[in-house]
Colleague: 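Before anything else, here's the structure in question.
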Amino acid sequence: MFKNLFSFKGRIRRTEFGLTFIIFCILALIPFVNLFALFPLWAQGAKRCHDVGISGWWQLIPLCPIYLLFAKGNAGANTYGEDPKLLFVEEHNF
């Protein structure tokens, strides 16, 4: 989890995006830290968009991040990469 935090490529699961979103909301309460926390949030948001099969630019639409918290990702590989759920299972030998 949280591999390539600053990369805009690939896909992530809802859990990782949700934790990033919560951490950003906490950091947003601290003055000046909010600006530095935006880049990782955008990177994670782009990867979450990729998981549901849409471009990362969609996260700029109001309320889209809320949708991303609850939407199921595409099963199997898509144009943005392998299914992160399958990669997690393979990595942990479930």
Side-chain angles (χ1 to χ4, degrees):
M1 193 175 296
F2 295 111
K3 294 178 184 174
N4 302 321
L5 184 64
F6 298 99
S7 172
F8 284 80
K9 296 181 180 179
R11 297 169 60 180
I12 60 171
R13 298 175 66 189
R14 288 181 279 192
T15 306
E16 187 171 346
F17 178 71
L19 288 173
T20 304
F21 193 76
I22 291 168
I23 292 168
F24 173 77
C25 290
I26 293 168
L27 292 176
L29 299 174
I30 303 169
F32 304 109
V33 175
N34 188 8
L35 295 175
F36 298 109
L38 273 175
F39 188 80
L41 180 68
W42 288 334
Q44 295 290 78
K47 289 186 277 192
R48 183 67 188 122
C49 285
H50 294 168
D51 190 41
V52 296
I54 58 177
S55 169
W57 291 103
W58 281 83
Q59 69 179 317
L60 300 177
I61 296 174
L63 301 180
C64 185
I66 303 300
Y67 166 74
L68 295 174
L69 286 172
F70 299 103
K72 286 183 103 175
N74 293 357
N78 67 14
T79 57
Y80 299 103
E82 294 292 323
D83 187 349
K85 191 175 285 189
L86 294 177
L87 293 175
F88 179 80
V89 170
E90 290 172 3
E91 186 176 293
H92 292 88
N93 297 322
F94 288 124

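Note that the structure is predicted; figures quoted are calculated from it, not measured.
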Colleague: Same cluster or not: I22 versus L27, using hydrophobic residues (I, L, V, M, F, W, Y) connected whenever any side-chain heavy atoms lie under 4.5 Å apart?
Modeller: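 Different clusters: I22 never reaches L27 through Ile, Leu, Val, Met, Phe, Trp or Tyr contacts under 4.5 Å.
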
Colleague: If a pair satisfies side chain to side chain donor-acceptor pair (under 3.5 Å) and one of its residues is in residues 28-42, list it, with sequence neighbours excluded.
Modeller: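 Matches after skipping sequence neighbours: none remain.
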
Colleague: In this structure, would F36 and L19 fall into the same cluster of hydrophobic residues linked by side-chain contacts under 4.5 Å?
Modeller: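 Result: no, two separate clusters.
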
Colleague: Using the rule that two of Ile, Leu, Val, Met, Phe, Trp, Tyr join whenever any of their side-chain heavy atoms come within less than 4.5 Å, decide whether F21 and I26 are in one cluster.
Modeller: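 Cluster IDs for F21 and I26 differ.
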
Colleague: Can you check whether I54 reaches C49 side chain to side chain, under 4.5 Å on heavy atoms?
Modeller: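 A side-chain contact under 4.5 Å exists here.
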
Colleague: Can you label the angle between the F6 ring and the F39 ring as parallel, tilted or perpendicular, going by 30° and 60°?
Modeller: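 Ring orientation, 0 to 90° scale: parallel.
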
Colleague: Test of understanding: clusters of I, L, V, M, F, W, Y form through side-chain heavy atoms closer than 4.5 Å, transitively. Do F17 and W57 belong to the same one?
Modeller: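 Looking at the clustering, W57 is in a separate group from F17.
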
Colleague: With sequence neighbours excluded, tell me which residues meet side chain to side chain donor-acceptor pair (under 3.5 Å) with E16.
Modeller: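 E16 satisfies side chain to side chain donor-acceptor pair (under 3.5 Å) with Q44 once adjacent residues are dropped.
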
Colleague: Could you tell me whether the side chain of R11 reaches within less than 4.5 Å of the side chain of E82, counting heavy atoms only?
Modeller: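 Side-chain contact under 4.5 Å: no.
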
Colleague: Report, one line per pair, each donor and acceptor closer than 3.5 Å where one atom sits in a side chain of residues 64-79; sequence neighbours left out.
Modeller:
unit_1	atom_1	unit_2	atom_2	d
N78	OD1	Y80	N	2.8
N78	OD1	G81	N	3.4
N78	ND2	H50	O	2.9

Colleague: Using a 4.5 Å cut-off on heavy atoms from C-beta on, say whether the side chain of I12 contacts that of F2.
Modeller: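 Heavy-atom side-chain distance check fails, nothing below 4.5 Å.
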
Colleague: Give, for atom CG of L5 and atom NZ of K47, the distance between the pair rounded to the nearest 0.5 Å.
Modeller: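 Answer rounded to 0.5 Å: 6.5 Å.
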
Colleague: Examine L38 and L29 and state if one hydrophobic cluster contains both, with Ile, Leu, Val, Met, Phe, Trp and Tyr joined whenever side-chain heavy atoms are less than 4.5 Å apart.
Modeller: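 No; L29 is not reachable from L38 via cluster members.
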
Colleague: Give, for atom CD of Q59 and atom CG of L41, the distance between the pair rounded to the nearest 0.5 Å.
Modeller: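 Going from CD on Q59 over to CG on L41, the span is 7.0 Å.
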
